[in-house]
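No hydrogens, no waters, no symmetry mates; every other heavy atom, side chains included, goes into these values. The chain is numbered in sequence order, starting from 1. Atoms within each ligand, like the ligands themselves, are counted from 1 in listed order.
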Amino acid sequence: MRGTDTQVGIVGAGPAGLVLAHLLHDSGIESVVLELHDRAYVEARVRAGVLEQGTADLLDGIGVGDRMRSEGSVHRGVNLQFLGRRHRIALSELTGGKAITVYGQQEVVKDLIAARLAVGGELQFGVDSVGLESVDTDRPVISYRQAGHEHRLRCDVVVGCDGFHGCSRHAVPRLRTYERDYPFAWLGILAAVAPSTDELIYAFHDRGFALHSLRSPELSRLYLQVEPDEEIEAWPDGRIWEELQVRLASEGWTLAEGPVLEKGITALRSFVAEPMQHARLFLAGDAAHIVPATGAKGMNLAVADVVVLARALDTWYRTGREDELRAYSATCLRRVWRVQEFSMWMTMLMHRHGDAFTRRVQAASQAYVCESEAAARCLAESYVGAATL
Ligand SMILES: Cc1cc2nc3c(=O)[nH]c(=O)nc-3n(C[C@H](O)[C@H](O)[C@H](O)COP(=O)(O)OP(=O)(O)OC[C@H]3O[C@@H](n4cnc5c(N)ncnc54)[C@H](O)[C@@H]3O)c2cc1C
């Protein structure tokens, strides 16, 4: 058994854990990040790709924005399409100049890992049997195994950034959870073809929702609404492209096809665990909450949590004041529920669901977003993150 000490023990090297380690480093606070998987696996995981203005600014601020600025793209608008009719939401015009940056989550993670290792930060991959002990005390411990050895990491504070399937959340006693499943899932593909659009297209169609997103000048990311219990084997590449062609079709516009590099089906879920802290144990990102991907908020919300936590820890270490740390859960949950509301609204606006009455109400909402500048501004502010800063 090997024992070591650190100020902040971080479980999970996703966006939440890695950004937190950087912010703490900038405040002179030492941390150790423990990650279940190996580096190659974590860096290859294709997930989100839309960064709010605040997230992109933060990555710049902590010195990991160079590649995002050169390889990512800034989008000042987004397209909503209803039954073939395309309507542009002018994000920047409606939000006083704010925009989103399209840059893959796995690229963000690569940049964060490289920068963390470059400053000699402790980041350990391939740990297993992670357990949290003494979480009621002011000296919590993370126990874990690595390369066949048992370790104990004694910390001032432990932060669970280990995603929805991690172990940290289960160490918080009297946790209350709120959950909603949706009667559909997303089939997502990464395709080796130049995007057929400069800005994202969210399409509502009688056959279901489709999304044309982008990753780079050579890579497109596309999604289809499918049944929640759909098997990926039922979707050969040809069927996926056929369905995308139908749902994204718009007069005078062509969808280019290319080899499918990756495909998978992801459930859509809304989930919140409260509170996001217990004594010296804190939860951040997907460990505490999940939003349906329609609003493109998961990674942004994870980053927003750790910004609050890093500030509170900085105050605590510098002055001994605990008020910000004690308010961590309440501070984050205000944003989390606001984002839950937006993500659920976008999901219900864009997916095919419900009975004939629901469909008529949905059509009225869709028309309102296209016809009212106030409604479009609400959407734009939430989408770029201006409404939740
Ligand atoms: C399959 C999938 C597809 C997604 N697609 C989209 C999308 O298209 N658009 C969108 O906006 N959002 C998407 N999301 C959501 C977005 O990617 C997440 O919100 C974001 O990754 C949250 O970051 P995080 O750091 O909180 O958690 P994660 O990124 O999940 O990171 C958690 C880390 O903890 C590690 N870990 C887990 N358990 C342990 C343990 N016991 N010990 C140590 N380490 C552990 C994991 O390996 C992982 O590296 C997707 C999520 C998933 C799961």
Hey, is K297 close enough to E52 for a salt bridge, meaning N to O under 4.0 Å? yes
Do the rings of Y223 and W186 sit parallel, tilted or perpendicular, given the 30° and 60° boundaries? tilted
For S329 and Q277, which I'm curious about, is there any donor-acceptor pair between the side chains at under 3.5 Å? no
Could you pull out every protein residue that has a heavy atom closer than 4.0 Å to ligand 1, ordered by chain and then number? V11, G12, A13, G14, P15, A16, L34, E35, L36, H37, R45, R47, A48, Q105, V130, C161, D162, G163, G166, C167, Y223, G285, D286, A293, A296, K297, G298, M299, A302
Does a side-chain N-to-carboxylate-O contact under 4.0 Å join E324 and R311? no
Establish, from distance only, whether the side-chain atoms of R45 and Q106 form a donor-acceptor pair under 3.5 Å. no
So, using salt bridge (charged side-chain N to carboxylate O under 4.0 Å, His left out) as the criterion, who are the partners of E179 when residues are at least two apart? R269
